[in-house]
Number of protein chains: 2
Amino acid sequence: MTNKVEICEVENPHEKVIEKVKEMMPDEETLYDIAELFKVFGDSTRTNILTALFESEMCVCDICELLGMTKSAISHQLRVLRQSKLVKARRVGKEVFYSLADDHVVKIFEMAIEHVLE
Amino acid sequence: MTNKVEICEVENPHEKVIEKVKEMMPDEETLYDIAELFKVFGDSTRTNILTALFESEMCVCDICELLGMTKSAISHQLRVLRQSKLVKARRVGKEVFYSLADDHVVKIFEMAIEHVLE
DNA sequence: CCGTTAGTTGAATAATTGTTCAACTGTTTT
DNA sequence: AAAACAGTTGAACAATTATTCAACTAACGG
């Protein structure tokens, strides 16, 4: 009958590799979340904002001046960073100060900097 | 004359923060490269491929089977990973085996996994 | 209370990008 | 030599997304 296929399924070393890899890989949801996290990091404006916040909390206007961009553009990106729980905001009078919500980000970026500098 | 402006420039704590942050931030090119690296990581297919390769080198067909995607789609993404020097390829007969080109990737992903698992 | 400053938001536009499809290059097998 | 298999590639399409613009809210100062 389908002898050839059966033999392949049992003997084929490729199938074994696939099986092994499948077991070791993080679950689908985790992998999706990782991609989503990196997607947030994968924009120059957002990496600029985040690395700026490594040094000090800043209000929106300061970030605008630092990066030479409009308040609207920065605010939109801060919203993305807020929704991803990467930054937090606190209001002081008319100004809103943003800061990092998490230390992991710093470590991930340190690794990335190490990588791009070879 | 422009007293008000001068006083602001000297006294304004915002200006000082911006100055300090500017000094501490990585140079523009490095920041761009970091964003580019994260952009490559920011796609589910590519994160799936990379985490699969953490465990073992694999040929294109195996990756296709593992992820349930076409050869073309996988090949296109492997090209992106190759161009970013994240994976390397070696030909064995008709098959092309891919493997990680770098250990940094593993460390960056470990940090990311830690982060998404809170 | 009115004007100003700081920041947010929704819609629109423009650019980027992931997958599919079809045609292609190599390599092995018969 | 031809068929079959593994993989690559370019064009096309669809979907996502970053910035701009304009209108808005919130807080402060006179």
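Convention: sequence-line order gives letters A, B, ...; per-chain numbering from 1.
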Worksheet item: Taking atom C1' of C/dT5 as reference, at what distance in whole Å does atom CZ of A/Arg91 sit?
Response: 11 Å

Worksheet entry | Interatomic distance where NZ belongs to A/Lys71 and C1' belongs to D/dC21 [whole Å] | 14 Å

Worksheet item: Under 4.0 angstrom, heavy atoms only, what part of the nucleic acid is A/Tyr98 near: base, sugar-phosphate, or nothing?
Response: sugar-phosphate

Worksheet item: Is a side-chain donor or acceptor of A/Thr30 paired with a backbone partner of A/Pro26 at a separation under 3.5 angstrom?
Response: no

Worksheet entry | Given DNA chain D, 5'-ward residue of the pair A/Val92 and B/Glu95, judged by closest heavy atom | B/Glu95

Worksheet item: Quick one: A/Arg90 CZ to D/dA26 P, roughly how many Å, whole number?
Response: 21 Å

Item to complete: Mind calculating the distance between CZ (B/Arg82) and C1' (D/dT8) to the nearest angstrom?
Response: 8 Å

Worksheet item: Counting N and O atoms only, with roles assigned by atom type, does the side chain of B/Arg82 sit under 3.5 Å from a partner on the main chain of B/Ser84, one being a donor and the other an acceptor?
Response: no

Worksheet item: For D/dA18, does OP1 or OP2 lie under 4.0 Å from any side-chain N or O of A/Arg46?
Response: yes

Practice prompt. Using whole Å, report how far CG of A/Leu81 lies from P of D/dA18.
Written response: 10 Å

Practice prompt. Report yes if a donor N or O on one partner sits less than 3.5 Å from an acceptor N or O on the other, where the partners are the side chain of B/Ser72 and the base of C/dC21; otherwise report no.
Written response: yes

Discussion item. I need the CG-C1' distance between B/Leu78 and D/dT9, as an integer number of Å.
Written reply: 13 Å

Worksheet item: What is the distance from CD1 of B/Ile74 to C1' of D/dT8, rounded to the nearest Å?
Response: 14 Å

Worksheet item: For A/Lys94 and D/dA27, what is the distance between atoms NZ and P respectively, to the nearest whole Å?
Response: 12 Å

Worksheet item: C/dT19, D/dG7, D/dT19: which one has an atom nearest the side-chain heavy atoms of B/Cys59?
Response: D/dG7

Worksheet item: Considering only heavy atoms from C-beta outward, does the side chain of A/Phe54 approach that of B/Met25 to under 4.5 Å?
Response: no

Worksheet item: Given D/dC21, is OP1 or OP2 found less than 4.0 Å from the side-chain N or O atoms of A/Thr70?
Response: no

Worksheet item: Can the ring centroids of B/Phe109 and B/Phe41 be said to lie less than 6.0 angstrom from one another?
Response: yes

Discussion item. Going by centres under 5.5 angstrom and planes under 30 degrees, do the aromatic ring of B/His76 and the base ring of D/dT9 stack?
Written reply: yes

Worksheet item: With side chains defined as the heavy atoms from C-beta onward, is the minimum distance between A/His14 and B/Cys61 less than 4.5 Å?
Response: no

Discussion item. At less than 4.0 Å, is any side-chain N or O atom of B/Gln77 found next to OP1 or OP2 of C/dT19? Yes or no.
Written reply: yes

